[in-house]
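Only one structure is covered here, and it is reproduced in the block below.
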2 protein chains.
Amino acid sequence: MSLEHAILGFLTYRPLSGYDLKKFFDESVRHFWSATQSQIYRTLARMSETGWIEMEHIEQEDRPDRKVYHITNEGRDELRHWLTTPLDLPAIRHKWLVQVFFADQLSDEETITLFEAHAERLRQKLALFRNGVQEVVERRFTEGGSKRSRRLWQFTLDYGIAHLEWELQWIENALKDLRYLPSD
Amino acid sequence: MSLEHAILGFLTYRPLSGYDLKKFFDESVRHFWSATQSQIYRTLARMSETGWIEMEHIEQEDRPDRKVYHITNEGRDELRHWLTTPLDLPAIRHKWLVQVFFADQLSDEETITLFEAHAERLRQKLALFRNGVQEVVERRFTEGGSKRSRRLWQFTLDYGIAHLEWELQWIENALKDLRYLPSD
DNA sequence: AGCGACATGTAAGCGGTTACATGATTCT
DNA sequence: AGAATCATGTAACCGCTTACATGTCGCT
């Protein structure tokens, strides 16, 4: 399971609360592994039981108390083990391709719209990605973190952008072929 | 939901049983939308209640009885409606990128292995894809199906192959950069 | 007065996977 | 004799999403 291991990964940086972790997820791995708040809290409780992490209750006067978790030696072992485990390729679940597959139920115009609407979404996400994300990386790494870690982060960002660019280009190309769609 | 709409899509070809549908899924849309047998039977039962499909019990002497489902007019309306509904981009869940992100816990060699193992998996899947799939298309379309429908099928296959090719190339490229990974 | 940040969690439901269960026929 | 194909389904579980629930502090 990746959620647990992502949490272990973040806890190698420093001890963190559920609230902290949610922010880490949203700011860094979100575009390839998102996690909701409720999922994080539940998983932290489970991981405490297996002994991969330990909780420390920190009382605060001005703000709500925090439960800060730190990684144990077993946790570190588990993380290293998982990181060196080859994984199966993820199954693709792409609803849009289901629409394409059954688009013989649509007119030519509707089919073109199907492709163009998807292209437009890709363009929007790409714009978001290009603008928003790079700043976050800079901000985070002025306050610490190794160059190696930063370079690996950059890999995952490059992947995200290159992937969107590729898909967009593929669709723009497909749109050209769409003009010669057989009518029967 | 895509499973229901994929089923509706297949039922526009002809009335089918759960068993038939499982084969259709495995032979055509599997690489972007898979479905298990138990999922299909449960969903058919649910769809009968909503009125999108209707069941006909067909008794057979030599083999087990069949429950053959056909699409209703409401089903056709629902399918057309869904096909013209723009969908959000699917969230990517790519465990391998989680491994990359936290690979600062690994040595240089281990990191290179992480990339190379993934590339090898992509190569295997690509080989499978190129060999196995095209034949299925030919076979299926000698026994019927419109040219339009066939062309759309081809689109989804092309997408699958092009996607694997792109990812493989990206990783091979990343492997070159990996030589200059900062050590601190 | 209202909103956002801080901080914790529970509950219900949904889609999907894996395992279990049955039983006949046909091919090797 | 054993495997594959035909054909149906149930049950348990798992990961994830959405909604609900509570309460403080600081800023505008």
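Chain A is the first sequence line, chain B the second, and so forth, proteins listed ahead of strands; every chain is numbered from 1.
- A donor and an acceptor atom sit less than 3.5 Å apart, one in the side chain of A/S38 and one in the base of D/dT18.
- Shortest non-hydrogen contact noted between B/L11 and B/I71 is O-CG2, 3.8 Å.
- Between B/D20 and B/R93, the residue whose closest nucleotide on DNA chain D is further toward the 5' end is B/D20.
- Using bins of under 30°, 30° to 60° and over 60° for the plane-to-plane angle, the ring pair A/F115/A/W96 lands in the perpendicular bin.
- Between the CE atom of B/M55 and the C1' atom of D/dT8 there is a distance of 11 Å, given to the nearest Å.
- Distance, A/L3 CG to D/dC16 C1': 10 Å, rounded to whole Å.
- Per the geometry, CZ belonging to A/R46 stands 15 Å off P belonging to D/dC13, to the nearest Å.
- Residue-to-nucleotide proximity on DNA chain D shows that, of A/W33 and B/R42, the 5′-proximal contact is made by B/R42.
- Regarding B/Y41, its OH atom lies at a distance of 4 Å from the P atom of D/dT8, rounded to whole Å.
- Regarding contacts with the backbone of D/dC6, a side-chain N or O of B/Y19 is found under 4.0 angstrom from either OP1 or OP2.
- C/dA19 atom C1' lies 11 Å from atom CD of B/Q37, rounded to whole Å.
- Put simply, CG on B/D65 is 15 Å from P on C/dG23, counting in whole angstrom units.
- Taking only side-chain nitrogens and oxygens, B/Q39 comes nearer than 4.0 Å to OP1 or OP2 of C/dT17.
- Which of C/dC6, C/dT17, C/dG9 sits closest to the side chain of B/S34 comes down to C/dT17.
- A/F10 and A/Y13 have perpendicular rings, their planes meeting at more than 60° on a 0 to 90° scale where under 30° would count as parallel.
- Note that CD of B/Q99 and CD of B/E110 are 11.5 Å apart. Values are rounded to the nearest 0.5 Å.
- Straight-line distance from the OH atom of B/Y69 to the C1' atom of D/dA7: 12 Å, rounded to whole Å.
- Remark: B/K22 is not in phosphate contact with D/dA7, judged by side-chain N or O atoms under 4.0 Å from OP1 or OP2.
- Between the NZ atom of A/K23 and the C1' atom of C/dT8 there is a distance of 14 Å, given to the nearest Å.
- With ring centers used as reference points, A/F129 lies under 6.0 Å from A/H31.
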